[in-house]
Visitor: 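Got a structure here, written out as structure tokens. Questions coming.
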Number of protein chains: 2
Amino acid sequence: MTYTTTEENYIKAIYHLEHEHESVGTNLLSAAMQTKPASVTDMLKKLEAKKLLHYEKYRGFRLSDQGNKLALTIIRKHRLWEYFLVEKLGFNWDEVHVLAEQLEHVSSEDLIRRLDEFLEHPAFDPHGDPIPDVKGKFRKINQDNLLGLPLKKNLKVSAVKNQESEMLNLLTQYEIKIGTQLKILRRFAYDGSVEIRIEKNAATILSKQVAQHIYCNL
Amino acid sequence: MTYTTTEENYIKAIYHLEHEHESVGTNLLSAAMQTKPASVTDMLKKLEAKKLLHYEKYRGFRLSDQGNKLALTIIRKHRLWEYFLVEKLGFNWDEVHVLAEQLEHVSSEDLIRRLDEFLEHPAFDPHGDPIPDVKGKFRKINQDNLLGLPLKKNLKVSAVKNQESEMLNLLTQYEIKIGTQLKILRRFAYDGSVEIRIEKNAATILSKQVAQHIYCNL
DNA sequence: GTAACAATTTAGACAAATCTAAATTAATAA
DNA sequence: TTATTAATTTAGATTTGTCTAAATTGTTAC
């Protein structure tokens, strides 16, 4: 079975939404896909016909096993390409997401197998997200964001869960990247901002919006 | 200006046909694109509107300067990816054409610039075809096929101008690749076949169909 | 329990790239 | 030069993914 780029993008979006929200509906999906709810309904029917999801009209939908598997292979391709772009071609980590969105739809199992080998089977992409293996398995890591982690502990940044250039640029400004050592000094209830010390530098305050996307290992 | 994958494929096909035939028409192009002549006419109008070619109905068409430039950037991308697939990922030269057809449509000047750098500016792809530089310039080489080259001279294979897997497989069988040394012993007028000696091996006879696609430097 | 509202779906239309069948133009051959 | 043939184009339809506007279903507040 082969799938169009659009179909693949829907499947990927549904996968991510299912992991970020406990309930996913037509409206939420249409926002994520930047289309209208009516268009989503049309596509849901098509994806159900292809057995990529379970769907009952007006009641909801969720990925089938097959859909889940497809999502993982797309995510695997995306993250391998991101790793390639940063490690081999020297891109900055904030430039690669858009490119990987194109490359992830190139269809060839053989290509991905060889790319994975060439890159020596990386386990994490440049943003710290785990790369699924051929079977869709990936390392589960215990991580939380700066809003939930304990104070005064030595932490190491393990992931950044927002791929927008503006966000990643800001992090470069703060000198925060994957692997950066930091300590949470305190939280301000008023606006949810977080004071941290990065390595041995002076303390800085991160807004809640920024802090919630920075993850460290427990 | 951005172009759809289909538009790019038309432009690339027209470029190649213009270099292989002195006259290119709707029928020839439709055969190359595996579509019907009527579809070609529709696309010609669209490409003219985008100023990629000059077109007068019933009279003919040819690439404009802009179209020519676009063709060269697509060919550049295609050949760089082929080089990458063979040299870095270890593909055989007969497997890469189809993959490169997908990769060539990934749009990012930056990506190609970096890929070119990573590969250390290769001048020829794995089939011996020259890779255009950023400005669309490429090394002109004096080469001819085994039907036109002189007898009894030491020759070196510089290109194979047929990317079908069956053809390239056959060459592997004969142990012919880019750089192979050979000598033409004689030609048989009856069927156009050519007797050659490859390196120090026993003599073999190649059919006309095969011989015409093997090119050597003069 | 039902009225109001929100979420979702249907109906009908459109652009891109294609098709078939019919019409038109150009080339050629007598 | 004109008739025939070949090449090309037009007309009208189809598929994919999208849209708007209207209808339907489900949920929630009273």
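Chain letters run A, B, ... following the sequence lines, proteins first, then strands; residues in each count from 1.
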Visitor: Choose from D:dA21, D:dG17, D:dT9 the nucleotide whose nearest atom is closest to any side-chain atom of B:L44.
Guide: D:dT9
Visitor: Would you mind telling me which of C:dA17, C:dT9, D:dT10 lies closest to the side-chain atoms of B:T41?
Guide: D:dT10
Visitor: A:D42 has a side chain; which of D:dC19, C:dA17, D:dG17 sits nearest to it?
Guide: D:dC19
Visitor: What's the closest nucleotide to the side chain of A:K36 if the choices are D:dA7, D:dT20, C:dT10?
Guide: D:dT20
Visitor: Given ring pair (Phe, Tyr, Trp, His ring centres under 6.0 Å), test B:Y3 with B:Y10 step by step and report yes or no.
Guide: CA-CA 11 Å; B:Y3 308 103; B:Y10 268 94; over 10 Å; no
Visitor: Please confirm whether the shortest side-chain N or O distance from B:Y55 to OP1 or OP2 of D:dT9 is below 4.0 Å.
Guide: yes
Visitor: Answer yes or no on whether A:K88 is positioned over the face of A:F118, meaning its NZ or CZ is under 6.0 Å from the six-membered ring centre and within 45° of the axis.
Guide: yes
Visitor: So which nucleotide from D:dT18, D:dT10, C:dT9 ends up closest to the side chain of A:Y10?
Guide: D:dT18
Visitor: Check whether any side-chain nitrogen or oxygen of B:N27 sits under 4.0 Å from OP1 or OP2 of D:dT8, and answer yes or no.
Guide: yes
Visitor: Which is true for B:F61 with a 4.0 Å heavy-atom rule: it touches a base, it touches only sugar-phosphate, or it touches nothing?
Guide: nothing
Visitor: Grab the CD-P distance between B:E8 and C:dA17 for me, whole Å please.
Guide: 12 Å
Visitor: Figure out the CG/P separation between A:L47 and D:dT18, and round it to whole Å.
Guide: 11 Å
Visitor: Under 4.0 Å between a side-chain N or O of A:K45 and OP1 or OP2 of C:dT10?
Guide: yes
Visitor: For D:dG26, does OP1 or OP2 lie under 4.0 Å from any side-chain N or O of A:K57?
Guide: no
Visitor: Looking at every strand, decide which applies to B:T26 at a 4.0 Å heavy-atom threshold: base, sugar-phosphate, or nothing.
Guide: sugar-phosphate
Visitor: Base, sugar-phosphate, or nothing for B:S39, non-hydrogen atoms under 4.0 angstrom?
Guide: base
Visitor: Answer yes if the ring centres of A:F84 and B:F84 are under 6.0 angstrom apart, and no otherwise.
Guide: yes
Visitor: Round to the nearest Å and state the distance from A:K46 atom NZ to C:dT9 atom P.
Guide: 15 Å
Visitor: For A:T35, which contact category applies under a 4.0 Å heavy-atom criterion: base, sugar-phosphate, or nothing?
Guide: sugar-phosphate
Visitor: In whole Å, what is the span from the OH atom of B:Y58 to the P atom of C:dA27?
Guide: 12 Å
Visitor: What integer distance in Å separates B:E56:CD from D:dT8:C1'?
Guide: 14 Å
Visitor: Among B:K46, B:K50, B:K12, whose side-chain hydrogen bond (donor to acceptor under 3.5 Å, both in side chains) with B:E7 holds?
Guide: B:K50
Visitor: Is the shortest distance from a Lys or Arg side-chain nitrogen in B:D116 or B:R113 to a carboxylate oxygen in the other one below 4.0 Å?
Guide: no
Visitor: Round to a whole Å and report the spacing from CZ of A:R59 to C1' of D:dT27.
Guide: 12 Å
Visitor: Check the phosphate of D:dG17 against A:T4, side-chain N and O only, distance under 4.0 Å to OP1 or OP2. Yes or no?
Guide: yes
